Trainee: 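One structure coming up, written as structure tokens, with questions to follow.
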Amino acid sequence: MSVFNFNNKTFSLIENSENGKVNSETIFKYKQEGHLVTADYFGGSIKYGKIIANLNNNTLDMLYQCITTENELKAGKAIAEISFTKENKMKLKLNWEWLNKENESGISEYIEN
């Protein structure tokens with residue numbers, strides 16, 4: 001059994017690369033069943049988004065998709081490294097990439113609320 005439990009946890013952005021769409025107003029609501037981790041996200045520049053991920057030790061292998069407030073459909077993939085803060089809150093560091101012809105990539109960090 002994993003030491004990480006995402007079920008009913010909420011996360012928000014700490015920092016994002018310039019070419020990312022998520023901002024400090026975006027909220028992520030996670031669910032977990034075994035190694036399957038999912039999340040809905042919305043707020044700020046995101047109308048609605050969905051994450052599906054596989055939990056493997058201290059990483060999440062993620063696929064995500066969203067529609068922005070400007071009606072742009074986006075999809076991508078990421079590897080998230082999971083750690084704990086001194087306050088025992090989960091922290092995610094994502095190395096992500098958009099799945100488009102430009103293959104833009106970046107790094108973002110999130111913290112459990």
Side-chain angles (χ1 to χ4, degrees):
M1 188 69 188
S2 174
V3 298
F4 302 109
N5 179 4
F6 285 87
N7 205 37
N8 297 318
K9 301 287 173 98
T10 302
F11 284 74
S12 58
L13 181 72
I14 299 171
E15 188 174 351
N16 200 359
S17 296
E18 190 175 314
N19 53 346
K21 291 291 182 184
V22 170
N23 62 33
S24 61
E25 298 172 21
T26 310
I27 301 296
F28 294 77
K29 295 183 176 273
Y30 280 84
K31 299 284 185 191
Q32 181 177 349
E33 289 182 28
H35 292 278
L36 172 63
V37 177
T38 61
D40 293 328
Y41 61 103
F42 48 87
S45 60
I46 305 295
K47 273 189 196 177
Y48 178 76
K50 188 74 175 177
I51 295 170
I52 185 167
N54 183 50
L55 176 61
N56 185 9
N57 296 319
N58 68 331
T59 62
L60 285 172
D61 189 3
M62 303 176 140
L63 291 173
Y64 54 88
Q65 59 189 1
C66 67
I67 186 166
T68 69
T69 54
E70 297 177 355
N71 293 319
E72 182 182 19
L73 285 169
K74 302 284 284 181
K77 63 181 180 177
I79 299 292
E81 297 173 19
I82 313 162
S83 61
F84 284 107
T85 66
K86 287 184 261 180
E87 297 79 24
N88 211 29
K89 298 282 187 181
M90 278 191 287
K91 187 175 174 182
L92 301 174
K93 183 175 183 179
L94 276 67
N95 286 294
W96 55 264
E97 180 180 342
W98 290 116
L99 299 177
N100 57 19
K101 54 187 171 221
E102 290 86 31
N103 285 346
E104 295 175 297
S105 61
I107 295 172
S108 57
E109 292 188 45
Y110 302 86
I111 189 80
E112 177 186 348
N113 296 333

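Fair warning: this is a prediction, and the values are worked out from it, not measured in the lab.
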Trainee: Apply the side chain to side chain contact (heavy atoms under 4.5 Å, CB included) test between Phe11 and each candidate in Lys91, Met90, Glu109; give the one that qualifies.
Mentor: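 Among Lys91, Met90, Glu109, the one meeting side chain to side chain contact (heavy atoms under 4.5 Å, CB included) with Phe11 is Met90.
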
Trainee: To the nearest 0.5 Å, what is the distance between CG (Asp61) and CD1 (Ile79)?
Mentor: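 Taking CG in Asp61 and CD1 in Ile79, the distance rounds to 4.0 Å.
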
Trainee: Please check if atom NZ in Lys93 has more than 12 non-hydrogen atoms from other residues, nucleotides or ligands closer than 6.0 Å.
Mentor: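 Count not over threshold, so no.
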
Trainee: How far does OG1 of Thr10 sit from CG of Asp40, to the nearest 0.5 angstrom?
Mentor: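 The OG1 atom of Thr10 sits 11.0 Å away from the CG atom of Asp40.
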
Trainee: Decide whether Asn16 and Lys21 meet the rule of one side-chain donor and one side-chain acceptor closer than 3.5 Å.
Mentor: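 There is no such pair (donor and acceptor under 3.5 Å, judged by atom type) between the side chains of Asn16 and Lys21.
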
Trainee: Report the distance from atom CG of Asn54 to atom OG1 of Thr59, rounding to the nearest 0.5 Å.
Mentor: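 Result: 8.0 Å between the selected atoms.
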
Trainee: Would you name the heavy atoms of Leu94 and Ala80 that are closest together and state the gap between them?
Mentor: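 Shortest heavy-atom contact: CD1-CB, 3.6 Å.
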
Trainee: Are Met62 and Ile52 close enough that some pair of their side-chain heavy atoms sits under 4.5 Å apart?
Mentor: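 No, their side chains stay 4.5 Å or more apart.
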
Trainee: Any chance you could lay out the side chain to side chain contact (heavy atoms under 4.5 Å, CB included) test for Asn95 and Glu81, step after step, and finish with the verdict?
Mentor: CA-CA 8 Å; Asn95 286 294; Glu81 297 173 19; 4.2 Å; yes

Trainee: Can you name the nearest heavy-atom pair linking Ile111 to Lys89, along with the distance?
Mentor: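 Ile111 and Lys89 have their closest heavy atoms at CD1-CB, 4.2 Å.
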
Trainee: With a 3.5 Å distance limit and no angle check, can you tell me whether Glu97 reaches the backbone of Leu99 through a side-chain donor-acceptor pair?
Mentor: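 Pair absent, no side-chain N/O of Glu97 close to backbone of Leu99.
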
Trainee: Between Tyr30 and Phe6, does the ring centre distance come in under 6.0 Å?
Mentor: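 Yes, ring centres under 6.0 Å apart.
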
Trainee: Can you get from Leu36 to Phe4 by hopping between Ile, Leu, Val, Met, Phe, Trp and Tyr side chains that sit under 4.5 Å apart?
Mentor: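 Hydrophobic grouping puts Leu36 apart from Phe4.
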
Trainee: CD of Glu70 to NZ of Lys47: how many Å apart, nearest 0.5 Å?
Mentor: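 It is 10.0 Å, given to the nearest 0.5 Å.
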
Trainee: For a quick test of reading the model, state the closest non-hydrogen atom pair linking Glu112 to Lys9 and the distance between them.
Mentor: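 Result for this residue pair: OE2-CD, 3.3 Å.
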
Trainee: Within this structure, what is the NZ-CG distance for the pair Lys31 and Asn7, rounded to the nearest 0.5 Å?
Mentor: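 These two atoms lie 5.5 Å from each other.
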
Trainee: I need the minimum non-hydrogen distance between Leu13 and Ser108, along with the two atoms involved.
Mentor: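 It is CD1-CB, 4.3 Å.
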
Trainee: Quick one: do Ile51 and Leu73 end up in the same hydrophobic cluster if we chain Ile, Leu, Val, Met, Phe, Trp and Tyr together by side-chain heavy atoms under 4.5 Å apart?
Mentor: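 No, Ile51 and Leu73 fall in different hydrophobic clusters.
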
Trainee: Does Tyr41 belong to the same Ile/Leu/Val/Met/Phe/Trp/Tyr cluster as Trp98, with side-chain heavy atoms less than 4.5 Å apart forming each link?
Mentor: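 Yes, one cluster joins them.
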
Trainee: Determine the minimum heavy-atom distance between Ser12 and Ile27, stating which atoms define it.
Mentor: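 Nearest heavy atoms, Ser12 then Ile27: CB-CD1, 4.5 Å.
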
Trainee: Any chain of hydrophobic side-chain contacts (each under 4.5 Å) joining Phe42 to Val22?
Mentor: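 Per the 4.5 Å side-chain linkage, Phe42 and Val22 are not co-clustered.
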
Trainee: Going by heavy atoms in the side chains, are Asn56 and His35 under 4.5 Å from each other?
Mentor: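 In short, these two side chains do not touch, never coming nearer than 4.5 Å.
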
Trainee: Verify the cluster assignment for Phe84 and Val37: are they in a single hydrophobic cluster under the rule of side-chain heavy atoms below 4.5 Å apart?
Mentor: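 Same cluster: Phe84 reaches Val37 through Ile, Leu, Val, Met, Phe, Trp or Tyr contacts under 4.5 Å.
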
Trainee: Given 3.5 Å as the limit, does a donor-acceptor pair link the side chain of Ser17 with the main chain of Asn19, or not?
Mentor: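 The answer is no, because no donor-acceptor pair under 3.5 Å joins these two groups.
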
Trainee: A side-chain contact here means heavy atoms from C-beta on lying under 4.5 Å apart; do Glu33 and Thr38 qualify?
Mentor: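 A side-chain contact under 4.5 Å is absent here.
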
